[in-house]
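Written out below as structure tokens is the structure these notes cover.
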Amino acid sequence: MRILMVASEALPFAKTGGLADVVAALPAALARLGHHVDVVIPRYQGVTAGERAGTVRVGIGGQVAVAQIWIAAAGNVRTVFVDYPAYFDRPSLYGTAGQDYPDNPERFAFLAVAALEWAAALPERFDLVHCHDWQSGLLPVLLRNGYAPAGIARTPAVFTIHNLAYQGVFDASWLPRLGLGWDLMRIDALEYWGRISYLKGGILFSRLITTVSPRYAREIQTPEFGFGFDGMLRHRADDLVGILNGIDYDQWDPARDPHLPEPYDATNLAGKAAAKRVVLETYGIPVDEATLARPLVGLISRLIDQKGFDLIAEVADELPRLDASFVLLGTGNRRYEDLWLGLAARHPDRVGAQIGFDEGLAHRIEAGADLFLMPSRFEPCGLNQMYSLRYGTVPVVRAVGGLYDTVRNFNPRTGKGMGFTFDEYSAQALLDTLRWALDVYRDRSKWHRIQRAGMSQDFSWDASARQYVKVYERAVAATE
Ligand code: ADP
């Protein structure tokens, strides 16, 4: 198949979150299966990759602008950069100082129109368009409402929701400014509580919708997880498919991870102890026999409520009293940054906190920790628990979304399972589960069995890419 993918970020060119990982790994996996993928993203500040490959005329709201196109090819995947400095040559992707850029509706409408114009002008036709998150949500709207050029107008779209919490909601006055008709201001089109939502457009005007885990696909149809979108998702339940993200084992495999002091695998975990020592040293936690024997709990996260940091805050003072040490790496909400820095200052022999983004340290924590804590309120897929499993670091998670799908709870009767999970979103449930895990940790043979169960899981992208191909084929068949 020839697939046109449109998104706002992709590794290694631009990343703010897990979306960038997916938009890099999925096309590569599709290419390994023999498909051709063109990935259209903005040419943001600092991107130097690619060769000049002509221009496209982008007409929006009666104005026509000319954007440069750059292309970087890698086998069957081409990354197509839309270069329009007034919109994309900026210090960050979506906004600065906690404020979204006010012209985001226009910036991402521009991306959608440029992608369609570029694709339509090619001699070859695409079988399918795959859009991701609200930033490309307008594209299916243009396709299905007579706004797309003839060369692409009949192509079916698939839309992937990576996080329903980000909905691309803007003032309705953007419709005429973007040259779109007021007929789109309908409850069964873009209208959302008197405003317009790009995410809604993507959901309603795509043939099929996917999201990043089977469990999250069900959850977002409920009021608790639906963020106001549960009704429309229930309405499209037959067209909504959950496909778990894969992880990139070229980057995340303890047997060949250049960030670790020593490689290791399930047959020999000695390298894991070496990583633990390095992590403790990094955080200034005294390295002695007692500390090395004591379980180390790792946290790597955006410090926001979604990730359960409000629960952790409730029991923060209990943590240093447990028979464990804690290391945190993250940035986010100031309140949680301060809370963790305060804990580390008061308990320097038990708690370490590092505020910042550090890829290498993230790898070393995944390797050096014994347990990984992820008590999310909601979690579309989650990557860190999958890294943890591969690194023999036992996850303690709330059983929601992708966490539910990837971490099977330890069963004391059978000894089976690969982590520790809890259902209720409460600080007590979190604390009880952590205590239980620390208790099981003392039984070394049980623990090794849990570790090995996790390390043998396969979350490679190839399996996920095959499921996407099935969805693509279904979308194409529904169009014919
Ligand atoms: P989300 O995309 O919601 O932030 P995921 O678990 O899906 O959560 O992905 C988070 C990714 O970002 C992981 O690869 C994780 O290791 C990485 N990450 C998050 N915070 C940091 C940090 N402070 N330093 C290094 N890597 C981080």
Side-chain angles (χ1 to χ4, degrees), residues 7-12 14-26 93-94 132-133 135 160-166 211-213 215-216 219-220 225 227 242-254 257 259-260 279 282-283 298-309 312 326-334 336-337 340-341 352-369 372-391 393 395-398 400-407 419 459 461 464:
S8 57
E9 44 185 279
L11 276 175
K15 165 165 174 166
T16 67
L19 170 64
D21 297 87
V22 176
V23 180
L26 175 59
L93 272 55
Y94 309 126
H132 300 264
D133 276 356
Q135 291 89 344
T160 298
I161 302 166
H162 295 262
N163 191 334
L164 194 65
Y166 304 101
T211 187
V212 290
S213 68
R215 180 72 173 187
Y216 191 61
E219 288 172 347
I220 56 179
F225 294 99
F227 287 103
I243 302 176
L244 207 59
N245 286 337
I247 65 174
D248 183 352
Y249 287 122
D250 287 335
Q251 300 293 324
W252 293 93
D253 179 357
D257 183 337
H259 298 291
L260 307 190
V279 169
T282 306
Y283 279 89
L299 300 102
I300 305 166
S301 187
R302 294 185 289 137
L303 306 179
I304 55 172
D305 285 349
Q306 181 202 326
K307 302 292 180 178
F309 278 86
I312 300 174
F326 292 84
V327 287
L328 166 122
L329 169 64
T331 56
N333 195 322
R334 210 31 215 284
Y336 300 132
E337 294 184 1
W340 275 90
L341 290 171
Q354 192 143 156
I355 305 306
F357 198 95
D358 186 335
E359 186 78 24
L361 182 57
H363 285 247
R364 285 186 288 281
I365 293 173
E366 284 293 1
F372 192 88
L373 187 57
M374 206 162 161
S376 303
R377 180 183 289 271
F378 66 95
E379 195 58 75
C381 177
L383 295 172
N384 274 307
Q385 83 280 10
M386 292 194 266
Y387 302 151
S388 298
L389 290 168
R390 173 51 61 114
Y391 281 67
T393 302
V396 177
V397 304
R398 176 155 182 252
V400 282
L403 297 170
Y404 174 96
D405 286 324
T406 52
V407 182
F459 297 115
W461 261 107
S464 307

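Just so you know, ligand 1 is whichever comes first in the structure, and atom 1 is the first atom listed for that ligand.
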List the closest protein heavy-atom neighbour of [atom]: residue, atom name, distance to the nearest 0.1 Å.
| atom | result |
| --- | --- |
| atom 6 (O) of ligand 1 | Leu383 N, 3.0 Å |
| atom 21 (C) of ligand 1 | Phe357 CE1, 3.4 Å |
| atom 24 (N) of ligand 1 | Asp358 N, 3.0 Å |
| atom 2 (O) of ligand 1 | Gly18 N, 3.4 Å |
| atom 10 (C) of ligand 1 | Asn384 ND2, 4.1 Å |

### Close N or O approach (Gly356, ligand 1; < 3.5 Å)
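Checking ligand 1 against Gly356, an N or O pair does fall under 3.5 Å apart.
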
### Task
Examine Gln306 against ligand 1 and note whether any of their N/O atoms are separated by less than 3.5 Å.
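Between Gln306 and ligand 1 (N or O atoms, distance only) the closest approach is not under 3.5 Å.
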
Hey, could you give me the [atom1]/[atom2] distance between [X] and [Y], rounded to the nearest 0.5 Å?
| X | Y | atom1 | atom2 | result |
| --- | --- | --- | --- | --- |
| Gln385 | Leu373 | CD | CG | 12.5 Å |
| Arg215 | Glu379 | CZ | CD | 14.0 Å |
| Asn333 | Leu303 | CG | CG | 7.5 Å |

### Message
A quick test of your reading: do over 12 heavy atoms of other residues, nucleotides or ligands sit less than 6.0 Å from OH of Tyr283?
### Response
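Counting neighbours around OH of Tyr283, more than 12 heavy atoms of other residues, nucleotides or ligands fall under 6.0 Å, so yes.
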
### Query
Short list, please: which atoms of ligand 1 are under 4.0 Å from a heavy atom of Ala362?
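Under 4.0 Å from Ala362, ligand 1 has these atoms: 25 (C), 26 (N).
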
#### Entry: Enumerated ligand 1 atoms positioned under 4.0 Å from heavy atoms of Gly330
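Listed by number with element: 23 (N).
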
### Query
Applying the side chain to side chain contact (heavy atoms under 4.5 Å, CB included) test to Leu93, which of Glu9, Gln135, Lys15 qualifies?
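Running side chain to side chain contact (heavy atoms under 4.5 Å, CB included) over Glu9, Gln135, Lys15 with Leu93 returns exactly one hit, Glu9.
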
### Query
side chain to side chain contact (heavy atoms under 4.5 Å, CB included) with Tyr216: which of Leu244, Leu403, Leu164?
Leu164

### Task
Classify the side-chain pair Gln251/Tyr387 by whether it contains a donor and acceptor separated by less than 3.5 Å.
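No, no side-chain donor-acceptor pair sits under 3.5 Å.
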
### Message
If you take the nearest heavy atom of each of Gln385, Lys307, Arg302, which one is closest to atom 8 (O) of ligand 1?
### Response
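Going through Gln385, Lys307, Arg302 one by one, Lys307 has the nearest heavy atom to atom 8 (O) of ligand 1.
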
### Message
Quick check on Cys381 - does any of its heavy atoms sit under 4.0 Å from an atom of ligand 1?
### Response
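Contact check Cys381 vs ligand 1: negative.
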
### Query
Would you call the rings of Trp252 and His363 parallel, tilted or perpendicular if under 30° counts as parallel and over 60° as perpendicular?
parallel

